[in-house]
Number of protein chains: 2
Amino acid sequence: MENKLSHTEENYLKAIFKITERAEKVASTNKIAEQVQTSAASVTDMLKKLNDKSLINYEKYKGATLTPDGIRLATQLVRKHRLWEVFLYDKLKFPWEQIHDIAEELEHINSDDLINRLDNFLGNPRFDPHGDPIPTSEGKFMLRNQSTLDSVPIHSKVILVGVSHHSSEFLTYLNSINVKLGTKFKITGKNSYDNSLTVESNGTQLLITHEVSKNLLVKPG
Amino acid sequence: MENKLSHTEENYLKAIFKITERAEKVASTNKIAEQVQTSAASVTDMLKKLNDKSLINYEKYKGATLTPDGIRLATQLVRKHRLWEVFLYDKLKFPWEQIHDIAEELEHINSDDLINRLDNFLGNPRFDPHGDPIPTSEGKFMLRNQSTLDSVPIHSKVILVGVSHHSSEFLTYLNSINVKLGTKFKITGKNSYDNSLTVESNGTQLLITHEVSKNLLVKPG
DNA sequence: TAGTTTTTTTAGATGTATCTAAAAAGCTGA
DNA sequence: TCAGCTTTTTAGATACATCTAAAAAAACTA
């Protein structure tokens, strides 16, 4: 845990964190390969290496989980990524669909002093421009009671507080229908045959497909 | 010139720029090795590679100079480095002796949009916290009529506008004698046997060695 | 200019991150 | 359960950046 990690190693840790954070208990070789956009063979090599460094628990054919050290490092990477996103969005006025890729690079810069000063400079934000919580320097996440738009009952009134995909395509689509964090929705209809929704927002009616609604995080409002 | 360069390649370009910017017409293998802290053999390998990419002119045993493309890239790196230094100093309130090393990492992030937005965010500064000029996005440098403190006549009054070494040791020493950009000096004495100076600054007398005075850039004031 | 010293290059390794192709292990369903 | 499919690993290459040791070229200097 004393040695600095390469960018590549850091990206693998983040990928395993991301995979095991949601549904899966362990991150399989193929899932990781997909996440870091490489071959399964390369992943196997890296898993051995990270296992030797005690950052993951890995056994042949059984996938990987993060060790406490691995979790700590991955959480700090997430903290850095999200704080840089706030900087790019709030200070440099980048549109939200462009911040992810630049933050991917900035997050690899290693200086605790830098990131803590940045945190203060930004006013210690607790959520990033996609609505994701920013871990504290101790690794604690702020939790929020939120649900996905596809799971709230008809006639509910909700506020968009986050998006669970950060791709430029998805966010650009949301821009085009004038949906952003803070946008209020009232569910006016549910179509059970394709799970699409009709909602009222900004005084207009919108059709939201299931593919979109399951990636919109909302709270009652 | 279309391919992205590795951090290492960029560091070599910067090193050659730095060497040929001052005295030397060409950058020798050994000078470069010293600058990037590696062996002469490694430098030879890299010079061949950069020559193949048309970023430098290199002939065996004859050292290297930058091509126009190489100059353009090196200048953009200098621009990025110095703008990040302004950010770290002005916005994050880092002391000036700590900003160089972090900017070394930040300068490798590639996004013209990022750096131009940063420039605007910082108010389009023309000099960095060490007093070095920041190139414009077109690669133009602001020049200033300045001289080194060791070369001004006795009884002159001058203002410190730059330092030509950025090492943490040197800058920490200047902090300790309460010298910073903008500090005014009056030369009260010159000791010809060791070229040290006595100066009046902030109402107190200081002894400045030749080693220090030749790295202080001043303008009349 | 011829010998000596310095500088630079070549040759041959090492370690990291990657790949493809093929083998091995694991899973699944008739 | 075992044949076939999927997943994962191994084996063997490639490319990059680096090193040390030794050879070659260039630069001094007496």
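Below, all heavy atoms of this structure are taken into account, side chains as well, without hydrogens, waters or symmetry copies.
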So, for A:Glu10 and A:Leu5, which heavy atoms are closest and what is the spacing to 0.1 Å? CG-CB, 3.8 Å

Side-chain H-bond candidate by donor/acceptor type, A:Asp69 with A:Thr67, under 3.5 Å: no

Find the distance A:Leu5:CG to C:dG15:P and express it as a whole number of Å. 19 Å

Are any of A:Tyr58's side-chain N or O atoms less than 4.0 Å away from OP1 or OP2 of D:dT8? no

Any side-chain N or O of B:Lys62 under 4.0 Å from OP1/OP2 of C:dT8? no

Interatomic distance where NE2 belongs to A:His7 and P belongs to C:dT16 [whole Å]: 16 Å

B:Thr29 side chain near C:dT7 phosphate (N/O to OP1/OP2, under 4.0 Å): no

Mind calculating the distance between CG (B:Asn51) and P (C:dT8) to the nearest angstrom? 16 Å

Nearest listed nucleotide, side chain of B:Ser42, among C:dT18, D:dT18, D:dT8: D:dT18

Rounded to the nearest angstrom, tell me the gap between atom NZ in A:Lys31 and atom C1' in D:dT8. 15 Å

Using a cut-off of 4.0 Å on non-hydrogen atoms, how would the nucleic acid contact of A:Lys48 be classed: base, sugar-phosphate, or nothing? sugar-phosphate

Short side-chain N/O contact to C:dT6 OP1/OP2 from B:Asn30, under 4.0 Å: no

Quick one, A:Thr44 with A:Lys60, criterion side-chain contact (heavy atoms from CB on, under 4.5 Å). Give me CA distance, side-chain angles, the key distance, then yes/no. CA-CA 9 Å; A:Thr44 300; A:Lys60 276 191 197 176; over 6 Å; no

Without decimals, in angstroms, what is the distance between B:Tyr61 OH and D:dA24 P? 9 Å

Quick one: sort the A:Trp84 and B:Phe87 rings into parallel, tilted or perpendicular, breaks at 30° and 60°. tilted

Closer to the 5' end of DNA chain C via nearest nucleotide, is it B:Val43 or A:Gln37? B:Val43

Separation of A:Glu59 atom CD from C:dA24 atom P, in whole Å? 21 Å

What is the distance, rounded to the nearest whole Å, between atom CD of A:Glu9 and atom P of C:dT18? 10 Å

Please work out if B:Thr8 contacts a base, only the sugar-phosphate, or nothing of the nucleic acid, heavy-atom cut-off 4.0 Å. sugar-phosphate

Looking at A:Phe121, I'd like to know if the NZ or CZ of A:Lys91 sits under 6.0 Å from its six-membered ring centre while staying within 45 degrees of the ring's axis. yes

Give the rounded distance in Å between these two atoms: OH of B:Tyr12 and P of D:dC16. 14 Å

How would you label the contact of B:Thr44 with the nucleic acid (heavy atoms, under 4.0 Å): base, sugar-phosphate, or nothing? base

